[in-house]
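Quick notes on the structure that follows.
Below, each value reflects all heavy atoms present in this structure, side chains not excepted, and no hydrogens, waters or symmetry copies.
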Amino acid sequence: MVGAGVIGLTSAIVLAEAGYRVRVVARDAADDTTSAVAGGLCWPYRIRPYEEAVRWSLRSLEVFTGLAGRPAETGARLVAGVTTEAAGAAGGAHGPAPEEGLDAWYAAVPGLRPARAEELPPGCGAGWRARTPLVEMPVHLRYLERRLAAAGGTVVARPVASLAEAADGVRAVVNCSGLGARELVPDDGVHPVQGQLVIVENPGIEEWFTAADAGAEDTTYVLPQPFGLVLGGTAREGAWSREPDPAVAEAIVARCARYFPQVARARVLAHRVGLRPARPAVRLAAERLPDGAVCVHNYGHGGAGVTVSWGCADEVLRLVRDAVAPA
């Protein structure tokens, strides 16, 4: 297994719990991956193909709903919130239209319904209301590491120069290298979508909120986490910098304050930047390497790695089982 982000760890857990001997090799520890700075709202975002993304998301929704019974341990909670289009965007009388291809997700999310006027912040004419998993990612990643260890899996901290190196002495490799797949495979279709966010002291907001148009570089979201209120965000295609931009941070706070004026006065606790590993479509497929080992690729999840993690892990298990029996 290459990669120790949420995609790699969940895939490793599903394999280990199915009886496979699993070793995760990763350049970065889980706390240093893009997963660690993710907002953690379970909602398909900037991911294709849509049909598969919805199926993977629904499986993950099922798993996270179960984990939400132990939030201190797993980092998962079920939190109510509203999604709408950005201010000024056109929407229907009963809420913004679902992003093209995600109709099945809207139809399947338990309890999702048009938001009533009193449930919308000022400036929103319509939206959808749902109770969905909101995951505190640092806690969740530590939970995944413990669960993997309990299943007999191990984690080795070192870089991997090639898939051939990763396959040395093993029957199967699972490539969950995220943005690293650009060089590791190599796959020049993988590229970063930079996301910046601001964490502030929570002035009393208990529900999540998003206002984002598909494909927009500037988005607006407010996510109440135990460590603070996460304000976002950006989605800058091809931007590689991990350094927070003060002007961008100021704009993020201003956008969120349009809907929740109290955040403008909230004390800033931290700035974070992550690089989403985007691709025209997720690569979740198996191939044979020159030495005969099977390689299952599982990367290119864009802004939905957390959302599809468990569904994709189940698919990884199916692909590995088709090629290799447990030892």
Side-chain angles (χ1 to χ4, degrees), residues 1-12 14-15 22-28 30 32-38 44-53 55-57 101 156 158-168 170-195 215 235-242 273-309 311-320 322-324:
M1 179 75 61
V2 180
V6 68
I7 292 292
L9 290 176
T10 50
S11 297
V14 169
L15 287 168
V22 177
R23 179 182 63 193
V24 177
V25 181
R27 179 193 62 192
D28 298 321
D32 296 323
T33 63
T34 296
S35 300
V37 301
Y45 175 65
R46 284 183 174 262
I47 183 171
R48 293 184 180 179
Y50 290 122
E51 184 176 343
E52 287 85 350
R55 176 165 51 84
W56 299 329
S57 299
V156 178
R158 65 173 175 83
V160 177
S162 67
L163 292 175
E165 176 190 325
D168 186 30
V170 303
R171 296 179 297 162
V173 174
V174 181
N175 172 24
C176 301
S177 56
L179 197 57
R182 184 177 176 89
E183 286 76 35
L184 184 67
V185 174
D187 183 346
D188 60 9
V190 181
H191 61 278
V193 176
Q194 182 202 64
R236 307 288 168 84
E237 295 271 352
W240 285 90
S241 175
R242 297 177 187 267
V273 176
L275 304 180
R276 305 176 182 94
R279 194 174 184 270
V282 173
R283 188 178 185 189
L284 184 42
E287 68 170 341
R288 287 284 175 181
L289 298 177
D291 67 354
V294 66
C295 178
V296 175
H297 297 285
N298 184 18
Y299 65 87
H301 304 85
V306 179
T307 304
V308 301
S309 55
C312 289
D314 283 351
E315 188 75 5
V316 166
L317 175 60
R318 183 188 66 79
L319 291 169
V320 171
D322 285 347
V324 179

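Under the 4.5 Å side-chain criterion, counting only non-hydrogen atoms from C-beta, Leu184 is in contact with Val2. With a 4.5 Å cut-off on side-chain heavy atoms, Arg48 and Pro280 do not count as touching. With contacts defined as side-chain heavy-atom distances shorter than 4.5 Å, the pair Leu15/Val174 qualifies.
Applying the side-chain contact (heavy atoms from CB on, under 4.5 Å) rule to Arg158 yields the partners Val25, Val156, Val160, Glu165; only residues at least two apart in sequence or on another chain are considered. In this structure Glu287 satisfies the side-chain hydrogen bond (donor to acceptor under 3.5 Å, both in side chains) test together with His297, sequence neighbours excluded. With sequence neighbours excluded, no residue forms a side-chain contact (heavy atoms from CB on, under 4.5 Å) with Ala285. Partners of Ala181 by side-chain contact (heavy atoms from CB on, under 4.5 Å), not counting sequence neighbours, listed by chain and number: Asn175, Ser177, Val185, Val190, Tyr299. Scored by the side-chain hydrogen bond (donor to acceptor under 3.5 Å, both in side chains) test, Arg182 finds no partners at all (sequence neighbours excluded). In this structure Asp28 satisfies the salt bridge (Lys or Arg N to Asp or Glu O under 4.0 Å) test with no other residue, sequence neighbours excluded. Every residue meeting the salt bridge (Lys or Arg N to Asp or Glu O under 4.0 Å) condition with Arg236, not counting sequence neighbours, appears here in chain and number order: Glu217, Asp218. The side-chain contact (heavy atoms from CB on, under 4.5 Å) search around Asp291 returns Ala167, Leu289, Ala293, not counting sequence neighbours. Annotation: side-chain hydrogen bond (donor to acceptor under 3.5 Å, both in side chains) contacts of Thr33 (sequence neighbours excluded): none. Taking Arg318 as the reference, Glu315, Asp322 meet the side-chain hydrogen bond (donor to acceptor under 3.5 Å, both in side chains) condition, with sequence neighbours excluded.
Smallest separation of non-hydrogen atoms from Ala53 and Ile47: CB-CG2, 3.9 Å. Here the closest non-hydrogen pair linking Ala313 and Val14 is CB-CG2, 3.7 Å. Minimum interatomic distance between Val273 and Val37 (heavy atoms only, all atoms of both residues): O-CG2, 4.1 Å. Between Cys176 and Gly8, the shortest heavy-atom contact is CB-CA, 3.6 Å. The minimum heavy-atom distance between Thr10 and Ser309, with the atom names listed, is OG1-O, 3.5 Å. Scanning both residues, Arg279 and Asp187, for their nearest heavy atoms gives NE-OD2, 2.8 Å.
To the nearest 0.5 Å, the span separating CD on Glu52 from OG on Ser57 amounts to 11.0 Å. From Cys312, atom SG reaches atom CG of Leu284 across 5.5 Å, with rounding to the nearest 0.5 Å. Residue Tyr45 holds its OH atom at 5.0 Å from CZ of Arg276, rounded to the nearest 0.5 Å. The CD atom of Gln194 lies 11.0 Å from the OG1 atom of Thr34; values are rounded to the nearest 0.5 Å.
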